[in-house]
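Have a look at this one before I ask anything.
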Amino acid sequence: MSSSVEKKIKQLREQIIKHDYNYYVLTQPVISDEDYDKLVKELEKLESENPDLITPDSPTQRVGKDLTKEFNPVKHKIPMLSLANTYDEQDLFDFDRRVKESLSDSEQVEYVVELKIDGASVSINYVDGILRTAATRGDGIIGEEITNNIKTIRSLPLTIDLAKEKKYKLKNFEVRGEVYMRIADFEGLNKQRENKGEKLFANPRNSTAGTLKLQDPKIVSERKLQVFLYSLISLDEEFQSQEENLKLLSKLGFTVNPHYKVCKSIDEVLMVCNKFEAIRDTLEYEIDGAVIKVNLIRQQKILGSIAKSPRWAVAYKFKAKQAFTKLNDITWQVGRTGAITPVAELEPIKLAGSTISRATLHNFDEIQRKDIRVGDTVVLEKGGDVIPKVVSVVLSERPKRSSQTIPPDKCPVCGSKIFKPENEVAFYCENPECSAQIKGRIIHFASRGAMDIEGLGDALVDLFVDKGFIKHFSDIYKLKNRRAELIKIERLGEKSIDNLLQAIEKSKSQPFSKVLFALGIRYVGSGAAQKITAYFNSIDDIIAATEDDISAIYEIGPSISKSIKQFFSDKKNIKLIEELRNSGLNFISEKKEIIQSALTDKTFVLTGALSTMSREEAGARIIKLGGKVSASVSKNTDYVVAGEKAGSKLTKAQSLGVKILDETTFLKLLEEIK
Ligand code: IVH
């Protein structure tokens with residue numbers, strides 16, 4: 001390999017890195033896109049001719065080649081804390097008072113106020129100036145490794161020229177910040193998804209978090225994630241202040257949000273918070289508040305942390321965004337369980353970046369409590385969360401002739417009787433054959449997290465149910481016998497029917513957990529379905545199990561087990577399972593891939609607090625290695641893992657003579673199997 005090629009590659013990389021910095025960090029490009037693309041193409045060509053010269057920090061490696069199968073857990077060297085919230089002036093003054101009470105009188109306190117970016121936090125590790133790993137926050141102690149996805153963020157340097165900053169010890173450091181998506185990119189992404197009939201993301205935060213968990217970095221790269229860094233931690237370096245920290249981050253080439261301010265008093269902090277709230281709508285990304293941090297690191301150390309949040313910082317949450325609009329109508333929607341939900345049909349209005357024309361009114365009690373009437377002007381609110389709410393009615397705007405809203409007296413879809421179970425707020429349609437219920441069940445059955453039948457969306461389900469092709473799940477698998485009739489339906493070509501029939505066939509290979517979830521048993525979400533199918537070997541075992549057997553599964557409560565028992569005590573449902581089984585659906589738990597291990601089919605009970613991981617994580621690792629996790633100790637329990645402050649479960653294990661593992665022994669067991 002000639003050294004001139006090596007030199008050329010090095011030169012190209014340096015050029016591209018510089019242009020990336022100009023473009024993505026400074027947002028001041030100095031060459032045309034075309035010239036930039038030429039440089040990248042040239043580098044790609046040289047690298048493909050000389051694959052030995054490819055290094056992980058080359059700009060061509062931003063989109064890794066490997067699909068990640070799953071995300072590895074990463075233990076944060078220093079826990080990633082979260083912030084306590086404050087909502088008003090008084091809360092802020094209280095924070096200031098607490099800070100000052102903990103410091104001696106002679107201390108002067110300065111605060112740094114930053115924007116609270118509404119995205120997902122990330123911690124990125126650099127060793128010898130090279131981006132090594134990146135991880136999500138997870139539970140603050142253990143996150144998930146998402147290095148390949150983070151590398152797609154073009155403003156993030158893959159290498160840092162440490163020679164530039166000799167003053168600091170930066171051999172091994174971590175930067176922390178918030179990954180986000182610009183509002184315009186989020187809206188563009190949702191448009192694309194809408195066109196493809198895919199589920200929309202509720203807000204930029206959700207789409208960021210969803211994107212970071214994608215398995216394919218190529219798709220992540222198309223989503224154009226961004227990042228603002230707000231903290232640099234080096235185990236062998238002490239910084240003076242948060243301000244110095246932000247300046248150093250900038251100097252090293254990281255993007256730091258420019259809207260931060262050092263304040264001398266809490267009054268100034270409040271003023272800056274109000275200023276930030278006022279510019280909120282002018283920013284190209286979402287913020288949900290401000291973050292106030294004690295500036296001096298020395299003072300931060302004195303203040304320390306309580307539980308999961310530092311005492312030296314707080315979030316100041318902005319008020320939810322509001323809008324006023326007219327309530328044109330209240331319609332009643334029937335869901336797959338028969339529950340009837342009121343929906344506000346609104347005069348379309350823009351709120352926090354999206355146009356809203358419908359909002360759920362939850363239930364009739366809520367309408368009564370707020371006395372919401374058709375024709376009213378209502379106040380809509382969209383907090384940090386997803387769905388807009390009707391918060392109140394502007395009574396002064398109420399039209400003279402308006403009448404109180406009354407609930408429907410029969411099912412708005414099929415006209416059947418409705419009822420209201422005791423202890424519930426919802427009215428229910430009593431007819432399980434109601435077309436709205438059938439449609440809801442089929443849509444759920446075919447949805448992505450369940451049987452994942454591509455093409456069987458709302459519109460087709462409506463059509464097939466209305467035309468009588470589908471009434472029960474089992475009818476879906478009989479559609480292939482009616483191909484001739486189907487292709488005659490207007491709008492549906494031969495090609496789309498064949499694609500659909502193919503997707504239906506393909507769905508037969510969905511694992512048992514997805515099939516169980518698809519059945520739509522009340523309270524059995526996808527997480528519960530996974531836990532249940534990891535515990536039982538087949539549907540026959542579940543049908544035969546008692547309520548107690550089912551609720552012995554870790555994290556499966558009595559309402560789930562009762563609902564499962566109820567579902568299978570109905571003969572119609574047993575017949576349905578038989579039909580689906582005959583159609584070839586999967587009712588047997590996946591064989592665990594591991595060859596016999598010490599954990600295979602062993603039942604564990606976790607009790608007390610573990611110091612290296614949460615109980616959830618310990619449970620997940622046991623299941624992954626072929627074991628089972630149960631909530632209660634019995635003579636069938638093989639091991640009890642006892643953490644700190646283990647209580648009655650430990651005593652019971654001792655009395656039954658069940659083997660007890662302390663945390664260290666448990667970890668050793670896991671390690672040995674790995
Ligand atoms: S500081 C101990 N600064 O808000 C310090 N957080 O609950 C913890 N966030 O998890 C974080 N912008 O995801 C900090 N300028 C900022 C931030 C910020 C957004 C997020 C971060 C954190 C959450 C706080």
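Whatever order the structure lists them in is the order used to number ligands and atoms, beginning at 1. Everything quoted here is computed from the prediction, not taken from an experiment.
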Item checked: Trp312 N/O to ligand 1 N/O under 3.5 Å ->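 N/O-N/O distance under 3.5 Å: no.
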Note to self: When you compare ligand 1 with Val291, is there at least one nitrogen or oxygen pair between them that comes in under 3.5 angstrom?
What the structure shows: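 Between Val291 and ligand 1, no N or O pair is found under 3.5 Å apart.
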Next item on the list: Looking only at protein heavy atoms, identify the closest one to atom 2 (C) of ligand 1 and say how far it is in Å.
Entry: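 The answer is Pro310 CG, 3.5 Å.
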Note to self: Check this for me, if you would: do Glu14 and Lys18 make a salt bridge, where the nitrogen-to-carboxylate-oxygen distance has to be below 4.0 angstrom?
What the structure shows: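 Lys18 and Glu14: not salt-bridged.
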Item checked: Check: Ile117 N/O within less than 3.5 Å of ligand 1 N/O ->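 Yes.
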Note to self: Between ligand 1 and Leu115, is the shortest N or O to N or O distance under 3.5 Å?
What the structure shows: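 Between Leu115 and ligand 1, an N or O pair is found under 3.5 Å apart.
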Check: Taking distance alone, with no angle check, do Ser82 and ligand 1 share an N/O pair under 3.5 Å?
Finding: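 No; the residue has no nitrogen or oxygen that sits under 3.5 Å from a nitrogen or oxygen of the ligand.
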Notebook entry, point to check: Is any NZ, NE, NH1 or NH2 atom of the basic residue among Asp96 and Lys100 found under 4.0 Å from an Asp or Glu carboxylate oxygen of the other?
Noted result: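 Salt bridge present between Asp96 and Lys100.
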Notebook entry, point to check: Which option out of Tyr230, Tyr180, Phe228 puts a heavy atom nearest to atom 11 (C) of ligand 1?
Noted result: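 Nearest heavy atom to atom 11 (C) of ligand 1 lies in Tyr230.
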Checklist line | Taking atom 3 (N) of ligand 1 as the reference point, the nearest protein heavy atom with its distance | finding: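 Sorting protein heavy atoms by distance from atom 3 (N) of ligand 1 puts Lys293 NZ, 3.0 Å first.
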Item checked: Between Asn257 and Tyr285: side-chain donor-acceptor atoms closer than 3.5 Å ->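 Side-chain D/A pair, Asn257 to Tyr285: present.
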Notebook entry, point to check: Under 3.5 Å between some N or O of ligand 1 and some N or O of Arg137?
Noted result: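 Min N/O separation from ligand 1 is not below 3.5 Å for Arg137.
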Note to self: Pairing donors with acceptors under 3.5 angstrom, does anything connect the side chains of Thr147 and Glu145?
What the structure shows: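 A pair is found: one side chain offers a donor N or O, the other an acceptor, under 3.5 Å apart.
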Note to self: Under 4.0 Å between a side-chain nitrogen and a carboxylate oxygen: does that hold for Asp161 and Lys164?
What the structure shows: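 Not counted as a salt bridge, because no side-chain N and carboxylate O are separated by less than 4.0 Å.
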Check: Quick one: do Lys171 and Asp236 make a salt bridge, cutoff under 4.0 Å?
Finding: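 Looking at Lys171 and Asp236, the cut-off is not met.
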Next item on the list: Would you mind checking if Glu268 and Lys261 are paired as a salt bridge, meaning a charged N to carboxylate O distance below 4.0 Å?
Entry: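 A salt bridge links Lys261 with Glu268.
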Item checked: Shortest protein contact, atom 13 (O) of ligand 1 (heavy atom only) ->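 Scanning the protein heavy atoms, the shortest distance from atom 13 (O) of ligand 1 goes to Glu178 OE1, 2.5 Å.
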